[in-house]
Amino acid sequence: MWGTIFNTGMILVGSTLGALFKKGIGDKFQASLMQAMGLAVMLLGANATVQAMPKSKYPVLFLASMAIGAVVGQALDLDTRFNRLMAKAGGQSALAQGLSTAILLFCIGTLSIVGPMQAALNQDYTFLFTNGTLDLITAVVLASTFGLGIALAAPVLFLWQGAIYLLTLLAAGAISSALLTELSVVGGILIFASGVNLLHLADIKTLNLLPALAVPPLFFIVLHFI
């Protein structure tokens, strides 16, 4: 849980710092910080995939996972649903708008989902530490506009990541090293895609790709009964 505690703490710190900047953070600083984080996230995603891929016993599974995940995600239209939630937040009061936006940005992301899983299975907190740094910057920017109330998103994130962490621990006995390898390959690709978006190199609808993470577990369940 250390990674989640760190992530939660970074939101609290960022909200406090942002509230002190009454006039907001300059656009140039925001752009520079996001570029730096985008490069870091891309490197982490690429490294995770490159390290896991040689261990894969099913080298085509990640391709199938991404394809099936994209089709399912598009059918569910997760990206559009997310954007609608963001649009609804825009019609609320200033604090409600900022808080709704913060909760969605902090919780609905690849790092925030894969991170607790990696922490539970491998005691690897790299993704959560990276996510915490990203959330620190995001919290500073949001709190500088909407105020200290953005800090209320911190306990929501703690419960969200904590639930994923505990569920992963409970299911750890059913998660083999082979399955973990396949999840690492797919998760790394999704994290790399998130970095691409941060750098505005392409408009990848990463939310529509999230169902790809469910394909490897389903594949191994089917394989078990064959």
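By convention here, the first residue in the shown sequence is residue 1.
Closest approach of Leu111 to Pro116, counting heavy atoms only: O-CD, 4.0 Å. The minimum heavy-atom distance linking Leu190 with Met66 is given by the pair CD2-CE, 3.9 Å. Annotation for Cys107 and Ile113: closest pair O-CG1, 4.4 Å, computed over non-hydrogen atoms. The two atoms that bring Gly3 and Tyr125 nearest to each other are N-CD2, 3.6 Å, heavy atoms only. What you find for Glu182 and Lys57 is that their closest heavy atoms are OE2-N, 3.7 Å. Residue Ala120 comes nearest to Gln123 through the heavy atom pair O-NE2, 3.4 Å, listed as atom of the first residue, atom of the second, then distance.
Cluster membership for Leu166 and Phe6, using ILVMFWY side-chain heavy atoms within less than 4.5 angstrom, is shared. Hydrophobic clustering (side-chain heavy atoms under 4.5 Å, transitive across Ile, Leu, Val, Met, Phe, Trp, Tyr) keeps Val50 apart from Phe127. One hydrophobic cluster, built from ILVMFWY side chains closer than 4.5 Å, holds both Val60 and Ile68. The hydrophobic cluster containing Leu223 does not contain Ile221, counting ILVMFWY residues as joined when their side-chain heavy atoms lie under 4.5 angstrom apart, directly or transitively. The hydrophobic cluster containing Leu183 also contains Leu63, counting ILVMFWY residues as joined when their side-chain heavy atoms lie under 4.5 angstrom apart, directly or transitively.
Applying the ring-ring contact (aromatic ring centres under 6.0 Å, His included) rule to Phe219 yields the partners Tyr58; only residues at least two apart in sequence or on another chain are considered.
Looking at Phe62 and Ser56, their side chains never come closer than 4.5 Å, going by heavy atoms from C-beta outward. Between Met117 and Ile164, some side-chain heavy-atom pair lies under the 4.5 Å cut-off. The shortest distance between side-chain heavy atoms of Leu61 and Phe220 falls below 4.5 Å. Between Pro59 and Met53, every side-chain heavy-atom pair lies at or beyond the 4.5 Å cut-off.
One finds the CG atom of Leu44 at 4.0 Å from the OG1 atom of Thr130 (value rounded to the nearest 0.5 Å). Atom CG in Asn7 sits 10.0 Å away from atom CG in Leu136 (nearest 0.5 Å). Between Ile11 atom CD1 and Leu134 atom CG the span is 11.0 Å, to the nearest 0.5 Å. Atom OG1 of Thr138 is separated from atom CZ of Phe106 by 5.5 Å, given to the nearest 0.5 angstrom. For the atom pair OG of Ser65 and CD1 of Ile189, the computed distance is 8.5 Å after rounding to the nearest 0.5 Å. Taken to the nearest 0.5 Å, the OG atom of Ser177 stands 11.0 Å off from the CG atom of Leu121.
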Residues 202-218, side-chain donor-acceptor partners within the protein, below 3.5 Å, at least two apart:
unit_1	atom_1	unit_2	atom_2	d
Asn208	OD1	Leu78	N	3.0
Asn208	OD1	Asp79	N	2.8
Asn208	ND2	Gln74	OE1	3.3

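Not a single donor-acceptor pair under 3.5 Å links the side chain of Ser144 to the backbone N or O of Ala19.
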